[in-house]
Amino acid sequence: MKMSKLFVQTLREFPSDAEVISHKLLIRAGYIRKLAMGVYNYLPLMWRVIRKIENIIREEMDKAGAQELLMPFVQPKELWEESGRWGAYGGELMRLKDRHGREMCLGPTHEEIITSIARDGLKSYKQLPVNLYQIQSKFRDERRPRFGLLRGREFIMKDAYSFGTSQEELEKEYQNMWNAYTKIFKRCGLDTKAVQSDSGAIGGSVSHEFMVITDTDAGENDVFYCECDYAANSNHAVSVLEETNTAGSWKEAQILDTPNTHSIDELCEFLKIPATVIVKTLVYIIDKKPVLALIRADRQVEETKLMNSVGGNDIRIATSGEIEEMMSINGYDAEKGFIGPDGLKEYNGYPVTVVADETVKNMKNFVIGINKKDKHGVGYNWEKDIKLPEIVTDIRLTEAGDKCPVCGKPLKVTRGIEVGNIFQLGTKYSKPMNAVYLDRNGKSQPYIMGCYGIGVTRTAAAAIEAHHDEHGIIWPLSIAPYHAVVIPVSTKDELQMKVANDLYQTLLKHGVEVVIDDRDERAGVKFKDADLIGFPYRITVGKTITDGLVEFKERNSDELKNIKPEDAAEIVITAVHELVK
RNA sequence: CGGGAUGUAGCGCAGCUUGGUAGCGCACUUCGCUUGGGACGAAGGGGUCGCACGUUCGAAUCGUGUCAUCCCGACCA
């Protein structure tokens, strides 16, 4: 490819509206252009990167025994009603109507469609297990898209779905995909960590996320990990309960005046006590129902865990207005800071559910809100003074330094970008959608399903987050848009141009994807663009060509080597051929 | 969906307070000169100033509304 013809427009300055480095670099280096909020044009360089990643995924998925197909991007409402997700999915599902008024949606994921395909085609246990996948654009109408390709509304994803006859078969395929994913990300030049996670809206029980560990702001997930193998997303991380002083010094239960102690800090200050002897009560609204969360006051509630503890789909903290309303309905006059679990019966037409974190269970002589303004109960004990809630479980946010649930050593925390995930779905879709096969005994059984996703465009962005410097992108060779660039310093110098052209032709002949920068530009401009775009190899043909030498440089190193053109070609050709293996 | 900000040429911005011919840098075209880390000079092309309504002899500038975009939060691959 001639640089003079390559469709790319590099910018001298970073765009003002980009925040993270991958977004800034993708725009500045001419890979993408924004079309609408969270929707991007993939320009030729970007498309080459995407296809490289897709092909690595294809090769490994096919090798793992999966089969590729392609499902429609626009889907009918009816299938989503069968699974129950038309109602459950919320605003993220982009809904539209066709000219006949029929309701459709843009596919955010394809469990419903693949399940309908399977139930039409897979009638017998003899046909199972099967793993089907596609690589396709998805659309999720995110509340707040951001970070360029890391969190767009439209994005390219590989989604695979497995169908089997037993949990054992599912677990085997789960492991199979785990292994395939490990290879895929490794081939893309990314170090990933598989972490336990919550399965969210997609449902199911066991799930893992593949995270690219990164120091940059773009890592949206907190990942807790241990020197043993344990690793989990913050929404799923658990820890061993540590021993702390959780007993107050009061001899008996009493009510104290605690004026204006709206926060835990103020209450600690006023009573001269540590937060570890206070039971904090938080009011949440989960699927419109009121839920009180009790937790030792030095810890935070992990909302996903809380939501799962009551089987909810949507969670938010209650507003002050709602809290006041709840108080008056139940005959109290307290406000935020003085809420307690005792005596709150109903709100919004639903009974109040109380969920306690494990941290409060062994607390003694503790402080707790009693729904009276400017008063708290102190010296309280469970059962004697106040009833221990029926639901006692882990709803706390894990913190760095907490003890590993596997080996007991302190957990560490880091930021990660989720590039892939694997789920054990079980019968979550096959049962409601009546997707069944006949087993050996001629009996109908729902498929045991799994699903496995990889964010293709996100993987590209994550690769940049992991591999860049102040000059631009440093692509891993396997996913770079081109392997190499040949730069004749002066296009008017006949010898330089001849050697550069010969080198270019040699590389092309050996299957190297190479660009020759034939523009009549100053050397500095060509170097800046080469660094920005991120060609893994750069061969400069300049003055030293009179001694028969060219300059060879790898993008990820500062070392400059003056070597013979044929040696430079040899290095690149060898590296590219290594990739194929 | 709450809080904050911004919309002027492909990109980055000034002009708005105090209404009067729409500007600068980069990019683009042509010519000259230059050629190892984003040179220089000259001459050009490109904008219904987000949109609508209003005030005014006259609106990028003032008012009202609306749309879009970005940031923080909540939510999420």
For [N] and [M], measure between their [atom1] atoms and round to the nearest Å.
| N | M | atom1 | answer |
| --- | --- | --- | --- |
| rG38(B) | rC26(B) | C1' | 10 Å |
| rC53(B) | rG44(B) | C1' | 39 Å |
| rU69(B) | rG45(B) | C1' | 29 Å |
| rA52(B) | rA68(B) | C1' | 14 Å |
| rC28(B) | rU66(B) | C1' | 35 Å |
| rC13(B) | rA27(B) | C1' | 14 Å |
| rU18(B) | rA59(B) | C1' | 14 Å |
| rU17(B) | rU61(B) | P | 10 Å |

Requested in this report: Specify the residue among Glu13(A) and Glu418(A) whose closest nucleotide of RNA chain B lies further upstream toward the 5′ end.
Outcome: Glu13(A)
Requested in this report: On RNA chain B, check which nucleotide each of Thr10(A) and Gly420(A) is closest to and give me the residue with the more 5' one.
Outcome: Thr10(A)
Query - Donor-acceptor pair between Asn131(A) and Glu173(A) side chains, under 3.5 angstrom - result: yes
Query - No-hydrogen, no-angle side-chain donor-acceptor test under 3.5 Å, Glu465(A) and Ser22(A) - result: yes
Would you classify [X] as touching base, sugar-phosphate or nothing, given that sugar-phosphate means primed atoms plus P, OP1 and OP2, and contacts are heavy atoms under 4.0 Å?
| X | answer |
| --- | --- |
| Arg146(A) | base |
| Ile156(A) | nothing |
| Gly472(A) | nothing |

Find the distance [X]:[atom1] to [N]:[atom2] and express it as a whole number of Å.
| X | N | atom1 | atom2 | value |
| --- | --- | --- | --- | --- |
| Phe14(A) | rC13(B) | CZ | P | 13 Å |
| Asp529(A) | rA27(B) | CG | C1' | 12 Å |
| Phe7(A) | rC28(B) | CZ | P | 13 Å |
| Arg143(A) | rG73(B) | CZ | C1' | 12 Å |
| Tyr181(A) | rA77(B) | OH | P | 14 Å |
| Asp141(A) | rC1(B) | CG | C1' | 13 Å |
| Leu11(A) | rA9(B) | CG | P | 15 Å |
| Phe185(A) | rA77(B) | CZ | C1' | 11 Å |

Does [N] have OP1 or OP2 sitting under 4.0 Å from an N or O in the side chain of [X]?
| X | N | value |
| --- | --- | --- |
| Ser16(A) | rC13(B) | yes |
| Arg144(A) | rC71(B) | yes |
| Arg12(A) | rA27(B) | yes |

Using purine N1 to pyrimidine N3 plus N6-O4 or O6-N4 for Watson-Crick, or N1-O2 and O6-N3 for G-U wobble, each under 3.5 Å, what pairs with [N]?
| N | result |
| --- | --- |
| rG2(B) | rC72(B) |
| rA42(B) | rU30(B) |
| rG54(B) | rC62(B) |
| rG7(B) | rC67(B) |
| rU35(B) | none |
| rG23(B) | rC13(B) |

Report summary line: Scoring nucleotides 30-37 of chain B by protein non-hydrogen atoms under 4.0 Å (B base, S sugar-phosphate only, - none) yields ----BBBB
Requested in this report: With sequence neighbours excluded, tell me which residues meet side chain to side chain contact (heavy atoms under 4.5 Å, CB included) with Ala530(A).
Outcome: Val485(A), Ile487(A), Phe535(A), Arg538(A)
**Report entry** Donor-acceptor pair, side chain of Tyr504(A) and main chain of Met1(A), under 3.5 angstrom
**Finding:** yes
Query raised in the report: Has the side chain of Arg555(A) got a donor or acceptor atom that lies under 3.5 Å from a matching backbone atom of Asp531(A)?
Result: yes
Query raised in the report: Phe552(A) and Tyr537(A): aromatic ring centres closer than 6.0 Å?
Result: yes
Requested in this report: May I ask you to check whether His208(A) and Tyr452(A) place their ring centres under 6.0 Å from each other?
Outcome: no
Requested in this report: Could you check if a side-chain atom of Ile32(A) sits within less than 4.5 angstrom of a side-chain atom of Leu43(A), using non-hydrogen atoms only?
Outcome: no
Requested in this report: Indicate the ring-plane relationship of Tyr89(A) and Trp80(A), choosing parallel, tilted or perpendicular according to the 30° and 60° boundaries.
Outcome: perpendicular
**Report entry** Which nucleotide in rC75(B), rC11(B), rA27(B) has an atom nearest any side-chain atom of Glu142(A)
**Finding:** rC75(B)
